[in-house]
Structures are given as structure tokens and as C-alpha cells.
Novice: 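A single structure is presented below for examination.
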Amino acid sequence: MHECMSIARVWGLSCPGSPEEVSRARRWTRDILRSSPPADDAALIVSELSTNAIRHTASGWAAGSFHLAVAVSAQVVAVSATDDGGTGTTPKAEHQNQDAEGGRVLDMVNAIAHWVVIHSGTQGCAVTAELYVDARLVGRSC
């Protein structure tokens with residue numbers, strides 16, 4: 001995590017890989033962040049990353065699951081979604097044209113978040129997005 005996360009509270013949630021779990025993940029994120037300024041953006045990012053995990057990885061298979069983490073400090077909210085892998089590829093921002101029917105989630109996450117990190121391994125992929133609580137931190141190192 002970013003150096004702004006020196007003291008943070010962290011929550012985790014594992015969900016079965018079914019579409020109904022996406023709304024649960026979004027509500028869970030909003031409940032944790034309640035009145036934090038980036039709550040809506042964080043919930044949107046969790047929703048989109050959870051949907052991608054279910055649609056495009058083994059997370060959406062019969063015994064699949066996806067895992068979420070939310071870390072909150074005074075300066076930063078970080079949300080992370082980890083899938084079950086199974087694709088052999090690492091997700092990346094594709095900069096799709098406006099007529100494309102898919103491939104925009106990471107573009108959107110990059111546009112909303114202040115920092116995005118993708119970790120890919122043999123057991124799956126984790127996408128972590130950080131949102132600054134204080135807009136004055138944008139462009140600065142904490």
C-alpha cells in the first residue's frame with residue numbers, strides 16, 4: 001500500500017462468485033465507509049471489480065469466489081478485489097473506443113482512483129485502488 005496508509009483499519013470479505021454478491025459487496029463497502037468522502041467512488045469501484053471477477057475469471061465458476069479488502073486511514077481509502085484466476089492473463093486498461101461493448105472497467109477505475117495497482121499471480125489477480133480522503137493530497141506525496 002501507499003505510504004499514506006501508515007495507520008489503517010482493514011476489513012475483509014469473501015463472497016461466492018454469483019452475481020447477487022456484487023450488490024452485497026457494494027453495500028458492505030458503503031457500510032464501512034459511511035460518511036467518508038470517497039464512499040460512493042469506492043463502492044462503484046468494488047462493484048465493477050467484483051463484476052469483472054465473476055464474469056471473466058474462475059471466480060464465476062461453480063465453486064468460485066472473490067475476495068475484498070477495504071483499508072481506511074485518515075488520508076486514504078484503499079479497496080482491493082482479488083479473483084480466483086483461471087484466465088492466464090493479467091487485466092489491463094484497454095482504452096476501448098466508444099462503440100466497444102466491454103473492456104472499460106480498468107479505464108474507469110484509473111479515472112476515478114488516485115492510484116491503481118494490479119498484482120497477478122498463479123492463484124489469481126488483485127486490483128487495488130486508492131482514493132484520497134482529502135482532495136488536497138492529489139498530486140502530492142504524503
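Note that the coordinates shown come from a computational prediction; the quantities given were computed from them, not determined experimentally.
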Novice: Taking side chain as C-beta onward, heavy atoms only, is Val72 less than 4.5 Å from Trp11?
Specialist: yes

Novice: Any chance you could measure His119, atom NE2, to Ser80, atom OG, to the nearest 0.5 Å?
Specialist: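 That separation rounds to 8.0 Å.
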
Novice: Any chance you could measure Leu106, atom CG, to Leu49, atom CG, to the nearest 0.5 Å?
Specialist: 6.5 Å

Novice: Counting C-beta onward and ignoring hydrogens, is there a side-chain heavy-atom pair between Trp61 and Asp84 closer than 4.5 Å?
Specialist: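 No, every pair of side-chain atoms sits at 4.5 Å or beyond.
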
Novice: Are Ser50 and Leu68 side-chain neighbours, meaning at least one heavy-atom pair lies under 4.5 Å?
Specialist: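 Ser50 reaches Leu68 side chain to side chain.
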
Novice: Measure across Val10 and Ala71 and return the closest heavy-atom pair with its distance rounded to 0.1 Å.
Specialist: CG2-CB, 3.9 Å

Novice: How long is the straight-line distance from CD1 of Ile45 back to CD1 of Ile112, given to the nearest 0.5 Å?
Specialist: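 These two atoms lie 5.0 Å from each other.
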
Novice: Just by modelled atom types, is the Ala43 backbone N or O under 3.5 Å from a matching donor or acceptor in the Ser47 side chain?
Specialist: no

Novice: Does any non-hydrogen side-chain atom of Asn52 lie less than 4.5 Å from one of Val127?
Specialist: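 Val127 does not reach Asn52 side chain to side chain.
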
Novice: Identify the residue among Glu20, Arg27, Arg26 that makes a side chain to side chain contact (heavy atoms under 4.5 Å, CB included) with Arg24.
Specialist: Arg27

Novice: Mind listing the closest non-hydrogen atom pair of Val133 and Val76 along with its distance?
Specialist: CG2-N, 3.8 Å

Novice: Got a second to check how far Ser18's OG is from Phe66's CZ, nearest 0.5 Å?
Specialist: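 Ser18 OG to Phe66 CZ: 7.5 Å, rounded to 0.5 Å.
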
Novice: Is any side-chain heavy atom of Arg30 closer than 4.5 Å to one of Asp40?
Specialist: yes

Novice: Would you name the heavy atoms of Gly85 and Thr57 that are closest together and state the gap between them?
Specialist: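 Closest approach of Gly85 to Thr57: O-CB, 3.3 Å.
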
Novice: Measuring from Leu131:CG to Leu44:CG, what's the distance to the nearest 0.5 Å?
Specialist: 10.0 Å

Novice: So, does Ser59 use its side chain to make a donor-acceptor pair with the main chain of Ser65 at under 3.5 Å?
Specialist: yes

Novice: What distance do Gln123 atom CD and Asp83 atom CG have between them, rounded to the nearest 0.5 Å?
Specialist: 11.0 Å

